[in-house]
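Below: the structure, in C-alpha cells.
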Amino acid sequence: MEAKSSQMVGKTNDSNKVGVVETWLRKHRLVFTGATRHPFTLSIRDGTVDFKSFKKWLGQDYIFVRAFVPFLASVLVKASKESDDTSDIEVILSGMASINDEIAWFKKEASRFGVSLTSVVPQKANVDYCRFLESLMSSEVEYPVAMTAFWAIEAVYQESFAHCLEEGSKTPEELKETCQRWGNEGFGKYCQSLQNIANRCLEKAPDNLVSKAEVVFLRVVEHEVQFWNMSRLEA
Ligand SMILES: Cc1ncc(CNC=O)c(N)n1
C-alpha cells in the first residue's frame with residue numbers, strides 16, 4: 001500500500017491526493033526557499049532593511065506589475081478557451097481586480113517614499129522577467145503551463161511577505177502595509193485557488209506538458225530570485 005501511494009503521487013484520485021505542485025515543491029524545496037527566504041525580504045522581517053533598497057524594489061516592481069496585467073489577460077483568454085471549469089475565470093478575474101488596486105497602491109506608496117515612478121529605469125533582471133512573461137503570453141503556450149507560471153509568481157510573493165508578518169518578526173511599521181498586501185490571509189487563499197487550478201489542469205495533462213510546466217515553474221523561481229537581487233544597492 002505504501003509503495004503504491006508513493007508511486008501514485010500526483011496521480012491519485014482520492015480526496016487527499018497529493019497534487020503535482022506539491023511534488024515539485026518537495027523536489028525543489030531548496031530552490032523555492034531561495035526565492036521565499038531571500039536576504040532582501042529577510043532583512044524586512046528582521047528590521048535591518050535599508051530603505052534605499054526598499055525604494056529600489058518599489059520602483060522596479062511597479063514596472064513589473066504593469067507588465068503582469070497583459071499576462072493575466074492572456075491567462076484569462078486561455079482559460080476561456082481551454083478550461084472545463086468556469087470558476088477558473090472567476091479566480092483569474094479576482095486577480096485582475098487586485099492588480100487594479102495594486103497599481104493605485106504603488107502610486108500612493110511611491111509618493112509616500114518619494115519615488116518617482118515615471119523616471120524608473122527598468123533594470124536587466126526586470127527586463128528579462130518581463131520578456132519571459134511576454135513569451136508565456138503566446139497562444140502556443142498551453143493553459144496548464146501558463147497557469148503554473150501564474151501560481152508560482154503569486155506564491156513567491158505570498159510566502160515571502162507572509163513570513164515578514166509571522167510571530168517574532170521585526171518588520172518596520174512603514175513596511176507592514178507592503179507585507180500585508182501579499183502576506184494577508186485572503187491573498188494566501190487566492191494562491192491556494194491558483195494552485196488547485198494548476199493541479200487540476202496538470203493532472204489531466206500529458207507528461208510532456210507536465211515537464212514543460214515544471215521547467216516554467218523553475219524559471220519563475222529563478223527570475224524571482226534575480227528580481228529580489230536587484231534591490232541590492234551596488235547592483
Ligand atoms: C516580481 C514580482 N513577482 C510577483 C509579484 C506578485 N504579483 C503581483 O503583484 C510582484 N508584484 N512582483
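Glu214 is not listed as a side-chain neighbour of Val20, based on a closest heavy-atom distance of 4.5 Å or more.
At a cut-off of 3.5 Å, with distance as the only test, a side-chain donor of Glu166 or His163 sits close to an acceptor on the other residue. With no hydrogens or angles considered, no side-chain donor-acceptor pair links Glu159 and Trp182 at under 3.5 Å. Inspection of the Tyr157 and Asp61 side chains reveals an N or O donor paired with an N or O acceptor under 3.5 Å. Side chains of Gln226 and Asn126: a donor-acceptor N/O pair is absent below 3.5 angstrom, by distance only. Between the side chains of Tyr129 and Glu224, a donor-acceptor pair is found at a separation under 3.5 Å.
Rounding to the nearest 0.5 Å places CG of Leu175 at 9.0 Å from SG of Cys164. Arg200 CZ to Asn196 CG: the interatomic distance, rounded to the nearest 0.5 Å, is 9.0 Å. Atom SG of Cys191 and atom CH2 of Trp151 lie 9.5 Å apart (nearest 0.5 Å).
Closest approach of Ala35 and Val221 over heavy atoms only: CB-CG1, 3.8 Å. When every heavy atom of Leu117 is checked against every heavy atom of Gly59, the shortest pair comes out as CD2-CA, 4.1 Å. Taking every heavy atom of both residues into account, Leu233 and Lys56 meet most closely at O-NZ, 4.0 Å. Here the closest non-hydrogen pair linking Ser83 and Asp88 is OG-OD2, 2.7 Å. The two residues Met230 and Gln123 make their nearest non-hydrogen contact at SD-CB, 3.3 Å. Of all non-hydrogen atoms in Phe32 and Val156, the two that sit nearest each other are CE1-CG2, 3.9 Å.
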For this session: Please step through salt bridge (charged side-chain N to carboxylate O under 4.0 Å, His left out) for the pair Lys108 and Glu177, ending with a clear verdict.
Result: CA-CA 12 Å; Lys108 187 194 75 169; Glu177 209 181 292; 2.9 Å; yes

Exercise. What do the steps show when you test Phe113 against Trp57 for ring pair (Phe, Tyr, Trp, His ring centres under 6.0 Å), and what is the final call?
Worked result: CA-CA 12 Å; Phe113 282 94; Trp57 164 79; 9.7 Å; no

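In this structure, the side chain of Lys78 engages the main chain of Val141 through a donor-acceptor pair within 3.5 Å. Side chain of Ser53 to main chain of Ser231: a donor-acceptor pair is present (N/O by atom type, distance under 3.5 Å, no hydrogens or angles). Proximity of a side-chain donor or acceptor of Thr48 to a complementary backbone N or O of Ile44 within less than 3.5 Å is not detected. Under a 3.5 Å cut-off, the side chain of Gln180 and the backbone N or O of Ala162 do not form any donor-acceptor pair. With hydrogens and angles disregarded, a donor-acceptor distance shorter than 3.5 Å links the side chain of Thr41 to the backbone of His38.
Val127 and Phe71 are assigned to two separate hydrophobic clusters, defined by single-linkage of ILVMFWY side chains at heavy-atom distances under 4.5 Å.
Taking the six-membered ring where tryptophan is involved, the planes of Trp24 and Phe217 are essentially parallel, since the angle between them stays under 30° and well short of 60°.
Within 6.0 Å of CZ on Arg112 lie more than 12 heavy atoms contributed by other residues, nucleotides or ligands.
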